[in-house]
Amino acid sequence: MAELSTADGDMASEGGGTAATGDTVDAGDAAADADATVDAGDTVIATRALTKRFRGGQLAVDGLDLTVPAGSVFGFLGPNGSGKTTTIRMLMGLIEPTSGSARVLGHPMPRATRTVLPHVGALIEGPALYGFLSGRDNLLRYDSADPTADPRTRRTRVATALDRVGLTAAAGKKAKAYSLGMKQRLGLAAALLQPRRLLVLDEPTNGLDPQGMREIRSLVRELASDGTTVFLSSHLLDEIEQVCTHAAVMAQGRLIIQGPVADLAAGARGRLVVTTPDPGDAARVLKEQGVGDVVVAEDRVTAEPPDRDLAEVNAALVTAGVRVRGFGVERASLEDAFVALTGEGFDVAG
Amino acid sequence: MSRAEVAEPSAEAAEAVGVRTPGPLWTLGLLRNELATTLRRWRTIALLGVLAAVPVLVGIAVKIETSDGSSAGGGGGEGPAFIAQITNNGLFLVFTALAATLPFFLPMAVGVIAGDAIAGEANAGTLRYLLVAPAGRTRLLLTKYATTLAFCVIATLVVATSALIVGALLFPLGELTTISGTRISFGEGLGRALLIALVVAASLIGVAALGLFVSTLTNSGIAAMATTVGLLITVQILDQIPQLHAIQPYFFSHYWLSFADLMRDPVYWDDLIRNLELQGLYAAVFGAAAWARFTAKDITA
């Protein structure tokens, strides 16, 4: 929890922080709840040297050791083509690994699909619907495919799932008339037909407007607070930063880093930034004040933020006659950290 | 929405979910849904519509051609089996319509349904969600095959029923003469017609299994349908080439027209049984191949 509150502080200091603070507290609750409620050990997904080489010889996933703790909201990040979806497909038993092993909810996959998958809701590579069926009939069909789903409660559960994603009004419309955002919502509803222990959401906010994205985020938090582990793949770092407690980064089929989001963010500390027409003097004063790693770039002087009160540093600058236009800490985003790790941008639209 | 609103239904669901053991009828929910979904598609309805139209066309053609008193078939013995008897007895339109649709229309319709079974789901991406539900690969394949077989029966009955109605409207009904020359009552004739319809439906088992196997090979529904129908045409052509007589008994269509033997008195069973055995063989071979392929396949669509 201590790590999480650090993250809070960081986010709040960013300025647009009211929402962020609320988010992180929610996610923290989720982690605490889950510790108490989840029974199958404390890892929900565990892979060992998981590898997939496709028939063409292309190595899609290379020796992946992934550990997803129970009750976490786990962000799975990586540029397009980094092997995220192939990993998810192996976890869901759709693809046989070339070597290595994967355990989901304590059972080996793909051998235990019938035991494991009823407890897992999944949205994989966007929604897929029967265009000639209504939204409601699509859900009825997916539900009837699950042999553990009780047919007596089917209609109630479908109605609840539709309501949860805000599609009740459009439930009778043919799915081919749905917009991309509505299809995405219906896909989510299919994942929510039963109470799940694990939700795997591959790019869940694709095609949604900002309002829809917010709704999905609050839905994820709500589910997490009920003790559901959420495994969320995304190329949008904001999304991960706002809802996830843990994250992993993939690039070119390999896992680069995984751990609590707070730790990952801590790896990329913010920078003290002074904007001034007198950069030379400013750099000298900062060094005198014991500030490390001072870098001058035109009218901007950046440095590692000192532990002491920043107000004193500012006062020292002004006392020394340095004209200061701007003074503050710029928080390094996860994006900076991850771009540094993967050497690629994330905002390539998928 | 508030959590309280969600709580009630999900508590109810949780009770059911708590068990999480499939009941003895665990597979029927999916089968029922699959049947309903298949029969609700416009494509299925259009196929059945075309099949229903064939007896109407044959019936009207025979009626027009014989309106001047001449016999159908132009006296040269051309045209589908039994066509000459239709004017005497409308029930023969059932046999004629089945004989006319069995070589091509019926297996083509079955090829469309069977070919689309797995490949169509893969093409739409819905296959991955069915498998993650989890439908189970073997269960899904069995459901698809059962639905295709149900379609064989439905399609055949649509042809037979349409023919019976058109025959009753355009021509007289009554006692009928078998191929062997004996007379049987109209009631017994109806029974034989139903039996023939079932044998015709059973003749499609092989095509259905073949189509299902092709369907597991590709992620394109159109490609699977086209391949199945293409194989059907190829086999029909090869079955006409005399030099290939050594392998012709193994073509799934070779004994198709043996259903006419049910109109003999006594019934001549040899070719009928050979047909059913051959269909069973195709179902076993291609069913096993489809299962082996589908249960080991990487689902990347």
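Because only heavy atoms are used, hydrogens play no part in the values below, and waters and symmetry mates are left out as well, while side chains stay in. Here is how names work: the chains are called A, B, and so on, in the same order as the sequence lines, proteins then strands, and each is numbered from 1.
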Most heavy-atom pairs under 4.5 angstrom with chain B, which of [options]?
options	answer
T113(A), T115(A), I124(A)	I124(A)
T86(A), T85(A), D137(A), L140(A)	D137(A)
P110(A), P127(A), A159(A), G187(A)	P127(A)

With F286(B), the ring-ring contact (aromatic ring centres under 6.0 Å, His included) member among F252(B), W291(B), F213(B), F294(B) | F213(B)
Which bit of [X] is near chain B, if near means a heavy-atom gap under 4.5 Å: side chain, backbone, both or neither?
X	result
L123(A)	both
F132(A)	side chain
E215(A)	neither
F54(A)	side chain
R89(A)	side chain
L133(A)	side chain

Verdict with supporting geometry, K297(B) and E96(A), salt bridge (charged side-chain N to carboxylate O under 4.0 Å, His left out) = CA-CA 8 Å; K297(B) 189 185 184 187; E96(A) 186 100 28; over 6 Å; no
Min side-chain heavy-atom separation V110(B)-T228(B) under 4.5 Å | no
Side chain T44(B), main chain T38(B), donor-acceptor under 3.5 Å | yes
Donor-acceptor contact present, side-chain S215(B) to main-chain A119(B), <3.5 Å = yes
Leading residue by heavy atom contact count with chain A [cutoff under 4.5 Å; candidates A36(B), A133(B), A124(B), G125(B)] = A133(B)
Greater than 12 external heavy atoms within 6.0 Å of L180(A)'s CG | yes
More than 12 foreign heavy atoms under 6.0 Å from CZ of R155(A): is that the case here?
-> no
Y178(A) and Q184(A) side chains, donor-acceptor separation under 3.5 Å | no
Quick one: what part of E34(B) sits under 4.5 Å from any heavy atom of chain A, side chain, backbone, both or neither?
-> both
